[in-house]
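Residue numbering restarts at 1 for every chain, and letters A, B, ... go by the order of the sequence lines. Atoms considered below: every heavy atom in the structure, side chains included; atoms not considered: hydrogens, waters and symmetry mates.
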Amino acid sequence: MSLKTDPLQAFPELRRLASDIVSEAELQQRLEKAAASGKRLRVKFGIDPTFTDVHVGHAVPIRVLRRFQDLGHLPVLILGDATARLGDPTGRNDQRPALSKEEVEANAATYLEQIGKVLRLDPDLCEIRRNSEWFGQMDFFDGLRLLSEGTIARLLERDDFQNRMAKSLPIHLHELVYPLMQGWDSVQVQADIEIGGNDQLFNLHMGRLLQERHGQRPQVCFTTPLLLGTDGRKMSKSYGNHLPLTAGAEDAFGKIMSLDDPSMEPWFRLATDLSEEQSRARLELHPRQAKVALAKEIVAWLHDSEAADRAAEEFERRFRRRELPSEIPQIRLPAGERPLANLLKEAGLATTTSEARRLVRQGGVKVDGQVEKNEIRPLAVPASGNGPLLQVGKRKIAQVCGEDESDLD
RNA sequence: GGGGAGAUACCGAAGUGGCCAAACGGGACGGACUGUAAAUCCGUUGGCACCGCCUUCAGAGGUUCGAAUCCUCUUCUCCCCA
């Protein structure tokens with residue numbers, strides 16, 4: 001494995017993706033030393049497989065990992081299977097549930113699959129470890145010894161804890177241990193560098209502390225900025241402003257087009273491979289054009305460039321020219337007549353009939369292209385062939401048709 | 001171990017016996033305007049067989065014609081003292 005690192009060149013590119021680096025001098029030193037010795041740096045990144053959707057925001061530190069990988073260094077991916085089973089308190093006010101072994105394994109598999117879109121996971125290019133490997137071996141005494149490495153005052157310094165104390169929210173004992181566990185991971189894998197979101201800075205520091213005490217050279221802490229969601233708030237599934245790596249091309253395209261203008265710069269920087277100059281060139285276009293460029297870039301990453309072009313055309317057709325999409329999903333339903341509201345629910349365009357009624361009353365529903373405000377208007381689904389074409393709002397659309405499949409459209 | 005405060009809808013937060021399906025704010029959704037951007041404006045926001053009915057205010061019981069509101073027990077959280 002040859003190192004492609006020209007440390008002087010690599011550094012500014014990395015710096016552009018960083019929130020904090022502790023310390024820049026050390027990072028530079030290590031890059032240079034690695035280049036000189038030809039020895040790869042071990043770049044650690046830990047994830048807790050507590051949920052299944054990896055989104056573009058999560059991907060930011062992983063993209064940095066990929067940069068290091070491209071430079072010839074070795075990503076060390078830690079699956080926090082042990083920590084996940086305790087529940088994941090990191091930076092969340094609501095606690096994640098503790099998971100069973102099976103759930104954790106299932107999540108881990110899903111994770112790796114998604115991370116594969118960002119990082120090359122070939123065994124010689126990437127090391128994958130589970131922290132149960134060492135935590136599973138520890139007995140209670142070993143655990144206590146680890147605990148003795150930290151002090152309460154030190155642990156409580158963490159931002160998240162400070163905030164929760166201020167708000168009188170609960171902090172569980174095991175949460176205090178979590179930074180120590182993460183730090184211990186660094187000792188176990190002898191990390192040279194650890195990557196994390198900037199809310200992880202405290203935990204990364206803990207790794208430095210523990211490594212130093214255990215005779216290792218303390219790791220460089222490298223944190224990435226938070227990529228905000230499509231509405232400018234923190235990206236989170238619960239806000240519905242996230243872009244999952246598994247998003248379909250058109251869906252992803254649409255979500256990016258709904259970004260607010262100020263978000264474009266960070267998105268270009270943190271979610272695409274474009275250089276600073278390339279990004280700037282695009283940002284100088286009309287905001288709409290810039291956004292199209294951004295959306296294409298990201299869809300090409302999540303899928304491929306053909307999918308990106310298609311999504312762009314489709315978007316153009318649907319939302320600029322306000323035409324029907326080229327492919328309309330078909331919903332097969334049993335034949336018979338029912339009120340519009342009920343049909344909407346059956347077709348999956350509304351979650352409840354009450355919601356369907358509201359949508360109709362508010363003029364958000366079109367039947368065969370015409371706004372229909374009568375929620376109890378009876379609509380017939382034929383035994384075969386096409387029934388009514390339903391549209392809800394700007395995005396949801398379905399062609400209702402009969403169940404008899406012998407009839408092809 | 002002792003004392004005090006608290007648990008309300010997606011979130012925050014009012015409500016302390018009927019006028020409560022529950023104020024208000026945020027979010028979300030629909031509409032107008034647009035660059036499906038932001039900002040702004042209007043509307044909606046438990047369910048259903050929807051002019052009516054049903055299920056909600058941590059959980060289980062109880063008092064009452066009637067409870068989110070009162071009582072008892074349980075679970076959870078916070079604060080102070082030890």
Side-chain angles (χ1 to χ4, degrees), chain A residues 87 89 92-95 97-98 161-173 175 228-243 247-268 282-296 298-299 311-325 336-346 348-367 370-378 390-397:
Chain A
R92 307 260 160 211
N93 290 338
D94 46 273
Q95 304 132 30
F161 294 152
Q162 290 289 338
N163 292 340
R164 280 198 270 167
M165 301 265 273
K167 285 198 238 168
S168 287
L169 292 171
I171 298 172
H172 293 266
L173 279 175
E175 298 187 52
L228 298 176
T230 48
D231 57 356
R233 293 185 297 159
K234 179 176 178 175
M235 190 183 296
S236 158
K237 193 177 183 179
S238 51
Y239 289 152
N241 63 359
H242 71 310
L243 177 58
E250 284 178 32
D251 191 33
F253 199 96
K255 282 195 170 178
I256 296 161
M257 288 306 286
S258 73
L259 277 177
D260 58 0
D261 293 353
S263 299
M264 283 198 278
E265 191 282 323
W267 274 68
F268 267 116
R282 285 160 182 71
L283 285 165
E284 279 165 8
L285 302 169
H286 181 284
R288 205 183 145 276
Q289 290 309 312
K291 225 170 277 179
V292 168
L294 177 65
K296 276 192 179 182
I298 291 175
V299 173
E313 282 165 33
E314 191 65 22
F315 182 84
E316 181 80 6
R317 181 205 328 268
R318 263 189 99 170
F319 298 110
R320 275 204 102 187
R321 301 206 297 269
R322 300 197 170 212
E323 292 168 15
L324 291 174
E337 215 179 65
R338 54 274 234 182
L340 172 56
N342 299 277
L343 187 63
L344 286 169
K345 188 198 164 196
E346 273 187 75
L349 297 180
T351 49
T352 63
T353 39
S354 296
E355 182 183 84
R357 281 164 191 278
R358 276 180 234 130
L359 288 165
V360 175
R361 283 181 200 151
Q362 292 184 99
V365 172
K366 285 184 189 166
V367 176
Q370 296 293 313
V371 174
E372 174 59 68
K373 291 196 171 185
N374 177 11
E375 74 261 23
I376 54 173
R377 173 180 159 190
L390 302 176
Q391 282 170 275
V392 173
K394 294 188 182 80
R395 331 178 179 203
K396 289 189 232 163
I397 183 162

When the [atom1] atoms of [N] and [M] are considered, how many whole Å apart are they?
N	M	atom1	result
A9(B)	A22(B)	P	15 Å
G43(B)	U8(B)	C1'	26 Å
C42(B)	G47(B)	P	24 Å
U69(B)	U64(B)	P	16 Å
A67(B)	G18(B)	P	11 Å
C19(B)	G25(B)	C1'	24 Å
A68(B)	A32(B)	P	40 Å

Taking only residues two or more places apart in sequence, or in another chain, which ones meet [X] in a side chain to side chain donor-acceptor pair (under 3.5 Å)?
X	answer
R317(A)	E314(A)
R338(A)	E346(A)
T353(A)	none
Q362(A)	none

* Asked: What is the base-pairing partner of G25(B), counting Watson-Crick and G-U wobble geometry with both distances under 3.5 Å?
  ->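 Paired with C11(B).
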
* To do: Determine which nucleotide pairs with A38(B), using a 3.5 Å limit on both distances of a Watson-Crick or G-U wobble pair.
  =>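 The base-pairing partner of A38(B), which may sit in any strand shown, does not exist here.
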
* Using the test ring-ring contact (aromatic ring centres under 6.0 Å, His included), find all partners of F253(A) that sit at least two apart in sequence or belong to another chain. =>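 Partners of F253(A) under the ring-ring contact (aromatic ring centres under 6.0 Å, His included) test: F315(A).
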
* Figure out the CZ/C1' separation between R322(A) and C33(B), and round it to whole Å. =>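 Value for this atom pair: 10 Å.
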
* E375(A) CD to U44(B) P: how many Å, rounded? ->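 Atom-to-atom, E375(A) to U44(B), this comes out as 15 Å.
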
* Return the set of residues passing side-chain contact (heavy atoms from CB on, under 4.5 Å) with A356(A) (not counting sequence neighbours), or none when no residue passes. =>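 Partners of A356(A) under the side-chain contact (heavy atoms from CB on, under 4.5 Å) test: A341(A), L344(A), A350(A).
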
* Asked: Is there any salt bridge (Lys or Arg N to Asp or Glu O under 4.0 Å) pair reaching into residues 349-360 of chain A, and which pairs are they, with sequence neighbours excluded?
  ->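 Applying salt bridge (Lys or Arg N to Asp or Glu O under 4.0 Å) to every pair that reaches into residues 349-360 of chain A, excluding sequence neighbours, yields R357(A)-E375(A).
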
* Quick one, give me the B/S/- string for nucleotides 46-58 of chain B, reading 5' to 3', where B means a protein heavy atom under 4.0 Å from the base and S means that only happens at the primed atoms, P, OP1 or OP2. => -SBSB--------

* To do: Return yes if the base of G43(B) and the side-chain atoms of Q362(A) contain a donor-acceptor N/O pair under 3.5 Å, otherwise no.
  =>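 Per atom types, the contact qualifies.
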
* To do: Using salt bridge (Lys or Arg N to Asp or Glu O under 4.0 Å) as the criterion, list what pairs up with E313(A), not counting sequence neighbours.
  =>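 In terms of salt bridge (Lys or Arg N to Asp or Glu O under 4.0 Å), with neighbours along the sequence ignored, E313(A) is linked to no residue.
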
* Residues that E372(A) engages under salt bridge (Lys or Arg N to Asp or Glu O under 4.0 Å), provided they are two or more places apart ->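 With sequence neighbours excluded, E372(A) shows a salt bridge (Lys or Arg N to Asp or Glu O under 4.0 Å) to R377(A), given in chain and number order.
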
* Does any residue of residues 285-295 of chain A have a heavy atom under 4.0 Å from RNA chain B, and if so, which ones, in number order? ->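 Within residues 285-295 of chain A, the residues near RNA chain B are P287(A), R288(A), K291(A).
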
With the criterion being N/O to N/O and under 3.5 Å, what pairs connect the protein with nucleotides 78-82 of chain B, and how long is each?
unit_1 : atom_1 : unit_2  : atom_2 : d
C78(B) : O2'    : S168(A) : OG     : 3.4

* Asked: Going by an N to O cut-off under 4.0 Å, is there a salt bridge joining K255(A) and E250(A)?
  ->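 No, this pair does not count.
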
* To do: Could you say whether D251(A) or G363(A) is positioned toward the 5' end of RNA chain B, judged by the nucleotide with the nearest heavy atom to each?
  =>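 The answer here is G363(A).
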
